[in-house]
Amino acid sequence: MRKSEWILFCIVIASILTAVFFYPQLPPVVASHWDAAGQVNGYMTKGWGVAIFPIIIGILFALFFAIPRIDPRRENIEKFRRYFDYLAIVIFFLFYYFFLLFLFWNLGVRFNFTISIVPALSLLFWVVGMIMPYVEQNWFIGVRTPWTISSKTVWKKTHKAAGIWFEAAAIIGLLGIAFPRYAIWFIVMPIIVVAIGLVVYSYVLYEREQ
């Protein structure tokens, strides 16, 4: 395995060991969902609550391990593999961070859950924005629309724009910290706009090219 894959594997093991360590200390029923204002609005048994994050992280490990090996355009992934690895590591650390937030809350530490995840999600958007211009055509990573897949030029231009737009979304997301009650919307709305905008932008570029 590559060095980056060993790092991801270590995070998987760390999540399992963390779950085993904290399981006896948690109450029988744990908070599992929070609303936009950061208030608890859902619960589950601690067995599922503790297991869900290691399971998700384990599934992600299988995906990130497999994608560079099964993609029909795997040679293109190798061209930006360093950035692919950076993204994977950031995503894994974020999920582990979310797992720790979940555990600390249910151990009695009180904080605004939404505000706690906003900087982490903004960091993810910023990293995505940084790597987007380097992503080559493939079937799993990047802005994959019928028009970016059909044209290398459209792919390149769309991903160059995506880099700027995701970084802008990251900055807007951080502004949500100043408005705790609406913080989650500073994360959600820019990403929705970016997602729709990139689909439309790639279509317009393709039509112009034709």
Side-chain angles (χ1 to χ4, degrees), residues 1-18 52-100 117 119-171 173-174 187 190-192 194-203 205-206 209:
M1 291 197 302
R2 298 166 62 93
K3 180 179 179 180
S4 59
E5 291 171 340
W6 278 112
I7 294 174
L8 301 182
F9 182 72
C10 288
I11 298 174
V12 173
I13 298 303
S15 69
I16 295 173
L17 294 177
T18 301
I52 192 67
F53 281 96
I55 290 173
I56 292 174
I57 294 173
I59 293 173
L60 286 175
F61 177 77
L63 288 174
F64 277 101
F65 185 83
I67 286 173
R69 294 168 172 81
I70 65 175
D71 194 306
R73 293 180 174 177
R74 62 180 68 91
E75 69 280 357
N76 281 352
I77 291 183
E78 290 304 318
K79 294 177 182 178
F80 68 94
R81 185 59 188 271
R82 180 176 61 171
Y83 301 101
F84 176 90
D85 291 345
Y86 289 160
L87 177 62
I89 291 171
V90 168
I91 289 175
F92 272 59
F93 271 114
L94 288 185
F95 268 97
Y96 187 66
Y97 169 69
F98 296 153
F99 186 30
L100 292 178
I117 67 173
L121 292 175
S122 294
L123 171 63
L124 175 61
F125 299 157
W126 185 267
V127 172
V128 170
M130 288 180 62
I131 73 169
M132 276 293 179
Y134 302 99
V135 177
E136 299 287 345
Q137 280 183 316
N138 69 94
W139 288 101
F140 290 96
I141 306 298
V143 184
R144 299 171 311 284
T145 69
W147 310 288
T148 57
I149 293 296
S150 300
S151 168
K152 187 173 183 179
T153 301
V154 173
W155 177 282
K156 284 289 187 182
K157 291 182 178 179
T158 300
H159 282 76
K160 183 177 181 180
I164 298 172
W165 296 5
F166 270 102
E167 289 175 358
I171 294 172
L174 282 177
I187 289 289
I191 289 303
I192 292 176
V194 168
I196 295 174
L198 289 173
V199 172
V200 174
Y201 185 62
S202 65
Y203 171 76
L205 288 177
Y206 185 80
E209 185 180 61

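Numbering starts at 1 and runs along the sequence shown.
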Whether over 12 other heavy atoms sit under 6.0 Å from Tyr134 OH: no

Spacing of CG belonging to Leu8 relative to CD1 belonging to Ile13, to within rounding of 0.5 Å: 12.0 Å

Interatomic spacing from CE in Met1 to CD1 in Ile7 - rounded to 0.5 Å: 10.5 Å

Validation row: Met130, Glu167 side chains within 4.5 angstrom (heavy atoms): yes

Atom CZ of Phe61 with >12 non-hydrogen neighbours under 6.0 angstrom: yes

Step-by-step salt bridge (charged side-chain N to carboxylate O under 4.0 Å, His left out) determination, Glu5 to Arg81: CA-CA 12 Å; Glu5 291 171 340; Arg81 185 59 188 271; 3.2 Å; yes

Distance-only side-chain donor-acceptor flag, Tyr96 / Thr18, under 3.5 Å: yes

From Ile149 atom CD1 to Arg73 atom CZ, the distance as rounded to the nearest 0.5 Å: 5.5 Å

Closest approach of Ser15 to Ile57 (non-hydrogen atoms, all atoms of both residues): CB-CD1, 3.8 Å

Heavy-atom side-chain contact between Phe125 and Val194 under 4.5 Å: no

Donor-acceptor pair, side chain of Asn76 and main chain of Glu136, under 3.5 angstrom: no

Nearest non-hydrogen partners of Pro190 and Ala169, listed with the distance: CB-CB, 3.9 Å

Nearest heavy atoms of Ala162 and Val143, plus distance in Å: CB-CG2, 4.2 Å

Heavy-atom closest contact (Ser202 atom, Thr145 atom, distance): OG-OG1, 3.1 Å

Parallel, tilted or perpendicular, as decided by the 30° and 60° cut-offs, for the rings of Phe64 and Phe92: perpendicular

Pairwise distance CD1(Ile131) to CZ(Arg82) - rounded to 0.5 angstrom: 11.5 Å

Test item: Phe99 and Pro54 side chains (from C-beta on) under 4.5 Å apart, heavy atoms: yes

Neighbour count above 12 (heavy atom, 6.0 Å) for Lys156 NZ: yes

Distance-only polar pair, side chains of Thr158 and Thr148, donor-acceptor under 3.5 Å: no

Donor-acceptor pair, side chain of Trp147 and main chain of Tyr201, under 3.5 angstrom: no

Side-chain donor/acceptor of Asp71 to backbone N/O of Trp139, under 3.5 Å: yes

Mutual orientation of the aromatic rings belonging to Trp155 and His159 [parallel < 30°, tilted 30-60°, perpendicular > 60°]: parallel

NZ or CZ of Arg144 within 45° of Phe140 ring axis and under 6.0 Å: no

From CA spacing to verdict: side chain to side chain contact (heavy atoms under 4.5 Å, CB included), Met132, Trp165: CA-CA 10 Å; Met132 276 293 179; Trp165 296 5; over 6 Å; no

Closest approach of Ile77 to Asn138 (non-hydrogen atoms, all atoms of both residues): CG1-CB, 3.9 Å

Reported CD1-to-CG distance for the pair Ile187 and Leu174, which is rounded to 0.5 angstrom: 7.0 Å

Pairwise distance CZ(Phe80) to CG(Leu87) - rounded to 0.5 angstrom: 9.5 Å

Heavy-atom neighbours of Tyr203 OH exceed 12 at 6.0 Å: no

Side-chain touch Glu209/Tyr206, heavy atoms, less than 4.5 angstrom: yes

